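Whatever order the structure lists them in is the order used to number ligands and atoms, beginning at 1. Being a predicted model, the structure only gives us computed values, none of them experimental.
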Amino acid sequence: MTFTIIFLSAFFLSFGIRYWLAQRQIRYVAQHRDVIPAEFATRISLVEHQKAADYTIAKLRLGTIENILSAIVLISFTLLGGLEYLNQQLTQWLGNGISQQIALLCSIFIITGVLDLPFSWYKQFKLEEAFGFNRMTLKLFCLDLLKGVVLGAALGLPLLWVILSLMAEAGPLWWLWTWFVWTAFNGLLLWLFPTFIAPLFNKFKALEDGPLKIQIEQLLKRCDFASQGLFVMDGSTRSAHGNAYFTGIGKAKRIVFFDTLIEKLNPGEVEAVLAHELGHFKRKHIRKRLLVSFALSLVVLALLGWLSGQPWFYFDLGVTPSLSGYNGGLALALFMLVSPVFGFFLTPLNSLASRKHEYEADNFAAEKSSASDLISALVKLYQDNASTLTPDPLYTAFYSSHPPAPLRIANLKQSR
Ligand SMILES: [Zn+2]
């Protein structure tokens with residue numbers, strides 16, 4: 001009973017904070033809809049500013065509905081007995097063993113995936129479409145979905161089988177062995193992603209010879225960075241939003257530009273954006289994030305190792321563990337459903353660290369490339385992505401991985 005109360009308190013508190021912050025952000029953006037912040041007045045038109053406000057608000061409204069639905073789903077699975085029902089039905093059908101536990105986890109993935117589908121569809125073909133960002137066809141949407149499911153099954157099912165076997169056979173330290181497997185699996189994914197996974201969804205071609213390539217190669221030399229090539233990705237087949245990213249580890253590192261980014265920015269601005277990304281690498285942000293995530297997964301698995309042996313963990317969340325003692329999949333399912341409720345409270349810490357890294361990467365770009373090019377690139381990206389220039393300070397503090405545009409630009413102006 002105690003854990004039911006703790007869970008419900010965390011559930012209502014996190015739901016309440018989420019809702020309250022979203023409403024604050026909607027109100028704040030709406031209040032500032034008609035006045036462009038002074039420092040952007042010469043670069044952004046009122047129409048663009050208002051489009052950003054409307055886009056931000058539309059996304060938040062949709063997010064609120066999604067939150068309500070996922071809260072209902074969570075309570076239905078746990079305290080209202082959905083998981084218990086599924087578990088019993090599958091036990092009758094498949095008996096008590098790993099295949100039953102895999103079936104249980106798969107049914108949860110399928111149910112939540114199906115419930116999420118209308119939202120993804122609406123987001124792409126109604127919301128993004130209405131603001132002129134959608135470039136995706138329904139055919140591509142379905143194809144992506146199909147590929148995602150096949151890929152998820154090909155990678156996820158063997159992993160799940162290994163983890164459930166460890167839970168069943170490896171003794172009290174199963175969580176430690178699972179952590180080694182999990183870490184190795186993630187390392188493998190990082191290595192496979194650029195060469196095998198990303199090309200399933202997008203076309204990559206080498207950046208063409210020309211002034212941009214020369215400029216970028218000079219930047220890489222200046223920053224002492226070796227990469228396995230510069231690529232342009234056909235991001236325009238899905239969305240008008242532009243971006244650039246790094247991918248891969250060790251010698252397999254690649255730099256990828258969305259074609260939409262190269263279309264919109266001049267070579268100096270592309271260089272500045274890349275210098276920012278290089279800053280994340282050179283200031284060891286990527287390495288730190290990776291280490292933090294490995295350490296965190298060890299803590300999480302140790303916690304799961306302990307919880308999975310506590311009867312109250314099951315009973316207080318509305319399920320009855322099997323008497324034969326094998327409940328690996330059930331514990332995993334409960335943990336996956338319930339842990340985000342508690343993890344939510346760590347969001348501001350994560351956002352704070354991320355914003356600090358963004359400033360450091362901006363400063364790196366100002367030093368190795370050009371602060372004024374980065375400023376003009378940022379303004380263009382904010383304009384093109386219809387990102388709001390006037391976010392609610394509290395909403396930003398809680399969620400934002402990037403500092404608000406006015407603060408980033410003020411910081412860059414200082415370093416110029
Ligand atoms: Zn960044």
Among the N, O or S atoms of His276, the one nearest the Zn ion (ligand 1): NE2
Atom name of the N, O or S atom in Glu358 that lies nearest to the Zn ion (ligand 1): OE1
Arg289 and His357: CA distance, side-chain angles, deciding distance, side-chain contact (heavy atoms from CB on, under 4.5 Å) verdict: CA-CA 10 Å; Arg289 295 233 131 203; His357 288 169; 4.1 Å; yes
Side chains of Thr260 and His241 in contact at under 4.5 Å (non-hydrogen atoms): no
His402 near the Zn ion (ligand 1) via N/O/S, less than 2.8 Å: no
Lys NZ or Arg CZ of Arg18 over Trp20 ring: under 6.0 Å, within 45°: no
Leu274 CG to Ile255 CD1 distance, which is reported to the nearest 0.5 Å: 5.0 Å
